[in-house]
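Just below is one structure, and these are the notes that go with it.
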Amino acid sequence: MTSSLALLQEREQRVLCRTYGRYPLAVAAASGCNLVDPDGREYLDLLAGIAVCNLGHSPPELLEVLREQAERLIHVSNLFYQEEQLVLAEKLLATCGLAKAFFCNSGAEANEAAIKLARRYMRKVKGREAYEVISLAGSFHGRTLATLTATGQEKVKDGFEPLPEGFQTVPFGDFSALERAVSAKTAAVLLEVIQGEGGVRPLADAYLSAVQDLCRDRGVLLMVDEVQTGMGRSGTFWAYQHSALQPDVLTTSKALANGLPMGAMLCSGEAALGFEPGSHATTFGGGPLLSVVASRVIDILLRDDLPRRASVLGEFAQGLFRDLQSALPGKITDVRGRGLMLGIELGFPGQEVWWKLLEAGFVLNLTQDRVLRLLPPLVITEADLRRFSSALGEILESSPS
Ligand SMILES: *Cc1c(COP(=O)(O)O)cnc(C)c1O
């Protein structure tokens with residue numbers, strides 16, 4: 001089955017809802033850090049399916065547990081006890097200071113669970129009519145009605161009004177604006193420690209600790225969306241662990257099962273009191289097949305010290321990009337990020353540079369019009385990063401602006 005790109009585009013127009021603006025590349029196979037198109041041409045994957053395939057594509061150790069578990073038990077529903085989900089919860093909770101887990105199938109659903117928990121905790125446990133979730137401008141939290149309302153970007157809301165009540169966004173990194181926004185109605189503050197879709201924007205440590213104190217003082221839950229930043233991506237297992245933050249709720253998904261759809265909402269024992277049997281559920285959440293895969297993902301991340309590898313390689317890459325920045329003044333205006341979550345901001349719209357990189361065999365993302373975003377597998381090598389950096393240098397050198 002090797003259809004050309006043009007043929008796929010034509011067929012897709014006929015049968016799929018037009019929800020995606022796709023890159024002009026079809027992927028027929030992938031392994032490690034490489035993507036292969038239908039003609040057999042290889043590309044270096046610097047995006048990992050948007051921070052999903054942290055261990056690279058189809059790592060043999062995951063294929064092994066996938067096959068073994070598929071033969072034993074794939075699905076049984078959450079009406080029954082099963083050990084695989086418990087093993088995963090124990091492993092996941094051991095990576096952070098939280099006490100309870102709820103499993104679901106995506107990042108949006110993990111945030112949806114967090115929002116529902118915050119509301120129900122305030123109402124049922126605290127006896128307070130506090131239901132509002134405050135999030136930040138530029139954030140991304142998902143595409144369900146509640147999570148798109150929490151998302152601090154207007155484009156995801158276009159045409160979907162009326163939106164659910166009880167959400168408010170405040171300017172990015174502006175503590176006094178947040179302080180003014182918190183009221184008796186506030187249930188939770190929801191934030192990404194490093195905004196991903198928003199253009200790889202880290203929140204300052206001082207801001208985070210001020211938010212922590214504010215939430216404690218006002219009895220508001222602090223919820224971190226680690227859907228993109230988690231699972232070693234930022235150089236620590238969770239991005240909040242770069243700071244002294246102690247969130248009440250953490251959501252994760254993307255890299256949790258390295259490409260299979262899984263999400264989780266982790267919370268403190270106190271916040272968990274907001275749910276009781278029947279409050280929340282999902283058919284596939286924490287199914288045995290994906291649970292063993294995610295458990296093995298965590299084992300491998302810890303065994304191979306991949307968060308540390310992400311940190312070391314991230315600094316190495318930022319060094320390369322900073323060298324480019326000084327060699328080509330004006331063309332690169334900022335290099336930022338943490339671990340292998342990297343942003344290279346250009347001094348001009350980046351569409352053409354992005355396109356030339358793709359032609360040269362490098363797959364990455366352009367966000368906010370001028371930020372080249374790299375989210376490579378954590379198993380990428382220095383040699384690959386160097387190869388990308390010199391290709392970028394050559395392209396920028398010959399680009400007009
Ligand atoms: C991708 C993403 C989501 C949404 O995850 P889906 O699995 O697409 O629903 C939520 N929050 C952040 C920070 C993300 O990057």
Side-chain angles (χ1 to χ4, degrees), residues 17 19-22 47-54 102-118 133-153 155-157 160 167 169 172-173 188-203 208 222-234 237-240 242 245 247 249-266 282 284-287 290 293-294 297 337-343 364-368 371 373-376:
C17 286
T19 53
Y20 299 104
R22 294 197 204 276
L47 197 52
I50 317 186
V52 168
C53 302
N54 280 8
F102 173 84
F103 291 104
C104 52
N105 317 288
S106 68
E109 275 178 277
N111 287 329
E112 190 83 26
I115 293 164
K116 287 180 71 177
L117 179 70
V133 172
I134 301 178
S135 55
L136 304 193
S139 62
F140 183 78
H141 298 298
R143 300 284 195 151
T144 63
L145 279 170
T147 58
L148 76 80
T149 307
T151 291
Q153 304 186 47
K155 63 183 184 206
V156 307
K157 307 182 188 190
F160 296 119
F167 294 87
T169 56
F172 178 87
V189 172
L190 171 64
L191 55 83
E192 297 161 83
V193 174
I194 307 165
Q195 287 191 346
E197 306 303 306
V200 192
R201 294 200 296 168
L203 283 164
L208 291 172
L222 177 55
M223 313 204 294
V224 293
D225 178 344
E226 295 252 13
V227 170
Q228 185 162 147
T229 49
M231 304 296 290
R233 169 66 49 194
S234 78
F237 201 97
W238 305 107
Y240 85 82
H242 289 289
L245 229 52
V249 176
L250 179 157
T251 56
T252 175
S253 178
K254 289 192 163 85
L256 181 54
N258 206 65
L260 297 171
M262 179 172 245
M265 188 275 297
L266 311 179
T282 176
F284 294 117
L290 270 60
V293 171
V297 169
R338 237 168 182 170
L340 286 173
M341 186 171 184
L342 297 162
L364 65 158
N365 171 241
L366 179 70
T367 179
Q368 306 297 314
V371 183
R373 183 170 57 150
L374 279 69
L375 300 161

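Numbering of ligands and ligand atoms starts at 1, following listing order.
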message = I need the atoms of ligand 1 closer than 4.0 Å to a non-hydrogen atom of S106, numbered in the order shown.
response = 7 (O), 9 (O)
query = Between the side chain of E226 and the main-chain N/O of A239, is any donor-acceptor distance below 3.5 Å?
reply = yes
query = Numbering the atoms of ligand 1 from 1, which are under 4.0 Å from a heavy atom of E192?
reply = 13 (C)
query = Is a donor on one side and an acceptor on the other found under 3.5 Å between the side chain of R373 and the backbone of G199?
reply = no
request  = Starting from atom 5 (O) of ligand 1, find the nearest protein heavy-atom neighbour and note its residue, name and distance.
outcome  = G107 CA, 3.3 Å
key: Donor-acceptor contact present, side-chain E197 to main-chain S139, <3.5 Å   = no
query = Nearest to atom 11 (N) of ligand 1, what protein heavy atom do you find, and at what distance?
reply = D225 OD2, 2.8 Å
inquiry  = Ignoring hydrogens and geometry beyond distance, is a side-chain donor-acceptor pair present between N105 and T282 at under 3.5 Å?
reply    = yes
key: Nearest neighbour of atom 2 (C) of ligand 1 from the list M262, Q228, K254, on a heavy-atom basis   = K254
note = for atom 12 (C) of ligand 1, nearest protein heavy atom and its distance come out as F140 O, 3.3 Å
query = Looking only at atom types and distance, does a side-chain atom of T251 sit under 3.5 Å from a main-chain N or O of A110, one as donor and one as acceptor?
reply = no
task = May I ask you to decide if H141's main-chain N or O and T151's side chain share a donor-acceptor pair within less than 3.5 Å?
result = yes
query = Is it true that the side chains of S234 and H242 contain a donor and an acceptor less than 3.5 Å apart?
reply = yes
Contact atoms of ligand 1, heavy-atom distance to A108 under 4.0 Å = 4 (C), 5 (O), 6 (P), 9 (O)
request  = Taking atom 8 (O) of ligand 1 as the reference point, report whether a protein heavy atom occurs under 4.0 Å from it.
outcome  = no
task = Number the atoms of ligand 1 from 1 as they appear, then name those within less than 4.0 Å of a heavy atom of N111, with their elements.
result = 10 (C), 11 (N)
